[in-house]
Protein chains: 4
Amino acid sequence: MVAQPGKTPRRAPRQGRSKATFDAVLDAAAQILSHEGYEQMTTNRIAVRAGTSVGSLYQYFPNKESLVIALRDRHAEKMIEAFETIVASLMEAPLANAVPAIAQAMLASHNIDPELHANLNILVSHLGGGRRLVDKVEARAVVVTRAYLEARRDEIRPANVERASFILVHTVYALAQQAAHHPQYRSNPAFVNDVADLVLRFLTKDPAVT
Amino acid sequence: MVAQPGKTPRRAPRQGRSKATFDAVLDAAAQILSHEGYEQMTTNRIAVRAGTSVGSLYQYFPNKESLVIALRDRHAEKMIEAFETIVASLMEAPLANAVPAIAQAMLASHNIDPELHANLNILVSHLGGGRRLVDKVEARAVVVTRAYLEARRDEIRPANVERASFILVHTVYALAQQAAHHPQYRSNPAFVNDVADLVLRFLTKDPAVT
Amino acid sequence: MVAQPGKTPRRAPRQGRSKATFDAVLDAAAQILSHEGYEQMTTNRIAVRAGTSVGSLYQYFPNKESLVIALRDRHAEKMIEAFETIVASLMEAPLANAVPAIAQAMLASHNIDPELHANLNILVSHLGGGRRLVDKVEARAVVVTRAYLEARRDEIRPANVERASFILVHTVYALAQQAAHHPQYRSNPAFVNDVADLVLRFLTKDPAVT
Amino acid sequence: MVAQPGKTPRRAPRQGRSKATFDAVLDAAAQILSHEGYEQMTTNRIAVRAGTSVGSLYQYFPNKESLVIALRDRHAEKMIEAFETIVASLMEAPLANAVPAIAQAMLASHNIDPELHANLNILVSHLGGGRRLVDKVEARAVVVTRAYLEARRDEIRPANVERASFILVHTVYALAQQAAHHPQYRSNPAFVNDVADLVLRFLTKDPAVT
DNA sequence: GATGAATGAGATTTCATTCAT
DNA sequence: CATGAATGAAATCTCATTCAT
């Protein structure tokens with residue numbers, strides 16, 4: 001695996017001080033990006049916040065863009081992992097139990113760092129080879145969801161499972177993000193309930209629920 | 001409503017040449033922002049693209065930020081107007097007809113300039129007084145939707161109309177935006193159908209649909 | 001008298017509206033220069049303050065420099081005129097009466113617009129052909145003073161009348177300017193007295209004064 | 001003494017390279033200001049003249065204004081130091097010896113860089129918190145002078161020592177500045193003599209001089 | 001390696017001046 | 001003549017990136 005010059009981290013340091021600095025830089029960047037916006041995210045400020053120097057920053061990232069991409073990838077990885085773990089654990093559960101649990105999980109995952117999430121979303125569209133954060137996270141979520149629905153194909157109403165997965169993932173995702181911005185819905189059980197209803201009623205053949 | 005100095009356009013150009021320049025600048029900015037991203041949107045390039053000079057640009061906008069805000073407002077106005085017109089015309093229609101029509105309208109409205117929309121969305125969160133584009137457009141959409149649902153309160157299932165409106169608006173909005181980015185769903189009648197289904201099944205008491 | 005292009009007013013308008021605008025521009029410039037400093041004195045602001053348009057301003061002054069020079073000249077003219085009138089009226093008076101009266105007059109003349117005076121002083125040194133305001137006003141004052149002292153050559157102590165004039169004029173001038181900036185000495189009779197003393201004791205052979 | 005943000009140098013450079021750059025910038029600014037005037041003193045030219053880059057300049061000075069203020073302060077410090085050294089060395093000397101020496105010193109100190117001095121004088125009046133160079137240097141000189149005169153209170157004529165100090169300092173200061181601009185008086189012993197006479201005759205009870 | 005001073009291209013913004021209306 | 005929109009050169013300032021220490 002040869003590092004393509006320019007877009008990827010110079011190296012992915014695995015151990016000790018190197019790893020610590022690498023992460024510190026990424027953390028600092030995440031913090032500034034989410035709390036103060038992209039305009040404020042200068043390499044010098046990142047270094048200071050990370051407790052290092054610009055020079056060291058450039059030891060790990062060949063340029064600013066690569067840093068943003070690394071940030072996106074780390075964030076995406078976190079979210080994907082969380083989502084896949086939940087879904088895996090619910091693979092055998094029936095729809096009526098699995099759906100609210102997944103919805104809940106996705107809502108929770110957005111409370112972590114919604115601002116960072118939002119900022120990363122756009123930023124990378126014109127930076128990192130056109131692939132946005134949503135693309136990465138949601139594409140993966142669609143795959144996982146689709147697998148789950150395929151396994152239940154005859155329990156569910158929609159004929160086109162792929163399209164249904166796409167719709168549901170993006171719906172829940174968007175609502176999670178919005179909820180994160182609206183205090184009255186953040187961590188509101190009734191809201192989670194409604195979201196689960198929305199999904200279940202779309203999926204089930206005979207929605208005599210609630 | 002007092003104009004905060006520094007954030008609003010310098011003057012409201014009323015006649016001929018002025019108005020033309022003002023609009024040309026906004027158009028140029030929109031164009032560059034959506035096709036080339038924020039990093040490329042420099043005041044000089046905007047002026048050149050608009051067929052004017054930087055000086056003229058600064059005659060109408062005290063700084064770059066105010067320009068971005070004006071862009072957001074103009075775009076929001078357009079979308080809101082479109083949405084409200086549709087809903088108004090459907091105020092008397094029954095759910096089963098109104099919902100698909102509205103969904104269709106929202107999807108259509110996003111095909112106009114999805115990149116501009118996406119870029120504006122983030123940009124303004126750390127710039128213009130913290131109000132994002134979504135906030136403006138969707139808040140208005142929620143109000144309109146809620147009014148419509150209130151009028152049909154006993155036809156619909158959800159008890160909390162406010163929350164239902166919030167959920168539906170953001171769902172359709174998000175799906176519209178995503179569809180704009182996915183060729184296979186953009187202008188796809190089956191997709192529109194599914195979205196309408198999603199909404200209708202959530203709203204209706206006895207979904208004897210399909 | 002052909003106008004040299006570039007440094008002199010386009011024309012010295014003698015009558016009616018022209019003269020009024022010309023003066024309004026100069027007044028506005030003086031006002032801004034003395035209250036807000038040179039950096040703030042832009043041609044546009046001058047025009048607005050004067051109640052005209054930049055276009056009209058450029059009808060009377062070929063460029064900004066010529067405006068500053070006109071300002072200096074008008075101010076110098078005013079001061080010189082005041083000074084010469086006083087001295088002329090005291091030509092026959094004895095030293096002990098004339099000196100305090102002149103000192104008083106010079107002090108008074110500086111209370112008119114000390115900030116404008118101070119600002120003009122430097123400004124023009126690199127602008128208007130190197131001649132500063134001081135040069136103009138004080139050079140003239142030296143001439144007048146010298147004439148007065150020559151007429152009393154045998155009443156006074158200093159042998160070199162030219163040098164004495166130079167010293168006295170600049171001394172009184174400087175003290176006037178300083179007094180304008182120090183509330184405790186502005187319009188303070190004891191201060192005027194001391195200044196008169198300073199001059200008289202320098203001039204008189206047998207200073208049995210006070 | 002809290003550093004007001006925006007008006008003070010960014011950092012106090014202590015070692016080697018930093019200090020050298022810092023000084024080089026100030027020297028370059030002084031040079032341009034005195035020889036070519038404020039209009040020519042652009043940050044880029046300063047940097048070039050200093051043999052650095054604009055970037056470095058802005059590493060030490062947050063903006064142009066702070067640079068001008070630093071310039072004023074350094075210049076004022078130099079003059080004050082020179083003046084106080086002279087006066088201290090003459091503290092015990094009798095009036096008739098001290099006064100000419102001091103006058104001579106002040107005249108000399110103005111020959112160093114009269115243009116810089118003159119330009120700084122005005123410039124800072126509207127820039128650096130309203131305190132002009134004169135204010136700083138002369139205020140200090142008045143204090144020192146007053147202390148000297150207080151010690152000789154019964155040798156001297158004027159009752160109000162404070163006012164006398166004010167008058168004398170400003171007189172000599174102004175004459176020094178003027179002399180710097182008039183070749184025929186610059187470094188002219190007769191001129192120095194006259195200035196000393198002026199001061200002595202004002203101070204002494206029985207001026208049986210010359 | 002780590003550091004942070006130095007670099008300079010380039011971004012934002014101002015303002016004297018012109019000229020179509 | 002008056003107006004003020006338009007112009008664009010030039011000024012101030014920022015920040016990604018390099019490199020001597």
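Lettering follows sequence order; numbering is per chain, from 1.
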task = Measure the distance from CG on D:L67 to P on F:dC13 and round it to the nearest whole Å.
result = 10 Å
task = Compare every heavy atom of B:A50 with every heavy atom of B:A24, then report the nearest pair and how far apart it is.
result = O-CB, 3.5 Å
note = One should report the stems of DNA chain F, each a stretch of at least three consecutive Watson-Crick or G-U pairs at distances under 3.5 Å, as E:2-21 with F:2-21
Length of the CZ-P vector between D:F22 and E:dA5, whole Å = 14 Å
request  = Mind calculating the distance between CD (D:Q40) and C1' (F:dA11) to the nearest angstrom?
outcome  = 12 Å
inquiry  = Just to verify, which of D:L33, D:V25, D:L26 counts as forming a side-chain contact (heavy atoms from CB on, under 4.5 Å) with D:I46?
reply    = D:V25
Check: B:Q31 main-chain N/O paired with B:H35 side-chain donor or acceptor under 3.5 Å = yes
note = Expected string for nucleotides 7-13 of chain E under the B/S/- scheme (protein heavy atoms, under 4.0 Å, primed atoms plus P, OP1, OP2 as sugar-phosphate) is BB--SBB
note = Rounded to the nearest 0.5 Å, the CD1 atom of C:I32 sits from the CG atom of C:D27 at a distance of 11.0 Å
inquiry  = When you compare the side chain of A:V48 with that of A:R45, does any pair of heavy atoms fall below 4.5 Å?
reply    = no
salt_bridge(D:E36, D:R49) N-O dist < 4.0 Å = yes
ask   = Within this structure, what is the CZ-to-C1' distance between D:F61 and E:dA5, rounded to whole angstrom?
value = 15 Å
ask   = How long is the line joining OH of B:Y60 and P of E:dT14, in whole Å?
value = 16 Å
key: Heavy-atom closest contact (C:S56 atom, C:T52 atom, distance)   = CB-CG2, 3.6 Å
remark   = Contacts of A:E77 meeting side chain to side chain contact (heavy atoms under 4.5 Å, CB included) (sequence neighbours excluded), chain-then-number -> none
